[in-house]
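Below you'll find the structure, written out as structure tokens, and then a few comments.
Just the heavy atoms: all of them, side chains too, but no hydrogens, waters or symmetry mates, feed the values below. Everything numeric here is computed off the predicted structure, so don't read it as measured data. Quick note on labels: first sequence line is chain A, next is B, and so on, each numbered from 1.
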Number of protein chains: 2
Amino acid sequence: MILKSQVEWALHCCAILSGLPEGRYLSTKALAELHGLPKEYLSKALQNLSQAGLVDTTLGPSGGYRLAKPPEQVTFLDVVEAVEGKARTFVCNNIRENNPCLPEKYCYSGPCAVARIMWEADEAWRDKLRRVTLSDLGRMLVQETPAALWKDTFDWVLDRAG
Amino acid sequence: MILKSQVEWALHCCAILSGLPEGRYLSTKALAELHGLPKEYLSKALQNLSQAGLVDTTLGPSGGYRLAKPPEQVTFLDVVEAVEGKARTFVCNNIRENNPCLPEKYCYSGPCAVARIMWEADEAWRDKLRRVTLSDLGRMLVQETPAALWKDTFDWVLDRAG
DNA sequence: CATATTAAGGATATATAATATCCCTATTGT
DNA sequence: ACAATAGGGATATTATATATCCTTAATATG
């Protein structure tokens, strides 16, 4: 069970979008080249962000993506769920209902204990992701990235943003 | 990102093994029929449990599987990791290193912030699973299963255990 | 000892999901 | 008018999950 690499892509793209000056957009092309990713496929991930309402888009030259909300209002969970979907990571197939000892008409009232426990763990994972925002990420990245590289990077992307 | 159904199978099988009388074994066949699962494929999951040291096995008629330790010493994480592997659910491909602004010889010192955050969430998931044991599960199942069905089920499996 | 039953594991087949590319359309800034 | 863009459909490729089959070695039982 491994998350799609699109999740990683989307998070890094959001990190860049978080640092973008007000009103500017970044194209798929720029984001793909910056991260060395396949443009067309990255585009699908960005479309997911758009459909989830996390980013605004605009067409034409100098078009592209920008965050739809301030970075402190976008959580990791928002991004992860936009790309991976909101379904739980554990699917209960109710195999207890195949028990040959089960009376014909018997119906279990709720989900079984196995599922409840697995879903609690899933929820703990989501909780953790919900507590980290893009602005938290931004602060961490600024701290661990050389200032010159950080500046060069934004000069580079803004140069490609028309 | 969805866990293999083998995880569900392994957990339900462990639940049954937890309730088994001392010294008895249950065969793949019995476990498969009890849960309505494909015997050969379930066998692969049980082999994973065996390789992880969670269950003991013995050959021949009346052979099969039993827990290798008391149920309170086997956690959900043990079972999940035996089947799914211990790898983290988020893989960092270091796409920041594709940044064209990155100086030639530059080398990042540690994993990037995105990976650290995702790995923390992964760890929260594992923590939760580590805190639930098979004996916890057993208590929950006993409570939510009609006593007669519970008894019938163990009579049924023990009948098939030689 | 002979036999039936079992786990282990290799080989292979099938189905589903992830990754990737291509192409067409409508929109928009220049 | 033109070039650049997002959106999205269709399709191809690769990887993973699911499933079956078969062989081997061990073992309880008659």
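Using a 4.0 Å cut-off, no side-chain N or O of Ser62(A) falls inside it from OP1 or OP2 of dG29(C).
In this structure, Tyr108(A) shares a hydrophobic cluster with Leu102(A), Tyr106(A), Leu149(B), the cluster being traced through Ile, Leu, Val, Met, Phe, Trp and Tyr side chains under 4.5 angstrom apart.
No hydrogens or angles considered: a donor-acceptor pair under 3.5 Å links the side chains of Asn99(A) and Thr153(B).
The list of ring-ring contact (aromatic ring centres under 6.0 Å, His included) pairs with a residue in residues 36-82 of chain A, not counting sequence neighbours, reads Trp9(A)-Tyr41(A).
Think of the region where chain B sits on DNA chain D: with heavy atoms and a 4.0 Å cut, that region ends 5' and 3' at dA17(D) to dA28(D).
Atom CG of Leu3(A) is separated from atom C1' of dA18(C) by 12 Å (rounded to the nearest Å).
Exactly one residue among Val55(B), Val79(B), Leu49(B) makes a side-chain contact (heavy atoms from CB on, under 4.5 Å) with Val74(B). That residue is Val79(B).
Among the atoms of the strands shown, none is found under 4.0 Å from any heavy atom of Tyr25(A).
With the nearest nucleotide of DNA chain D identified for both Ser27(A) and Glu84(B), Ser27(A) has the one nearer the 5' end.
Using a 4.0 Å cutoff on non-hydrogen atoms, the parts of residues 30-56 of chain A near DNA chain D are Lys44(A), Gln47(A), Ser50(A), Gln51(A), ordered by number. Residues from residues 7-18 of chain A with heavy atoms under 4.0 angstrom of DNA chain D: there are none.
When every heavy atom of Arg96(A) is checked against every heavy atom of Pro111(A), the shortest pair comes out as NH2-C, 3.7 Å.
Of the candidates dA4(C), dA26(C), dA8(C), the closest approach to any side-chain atom of Tyr65(B) belongs to dA8(C).
Glu120(B) meets the salt bridge (charged side-chain N to carboxylate O under 4.0 Å, His left out) test with no other residue; sequence neighbours excluded.
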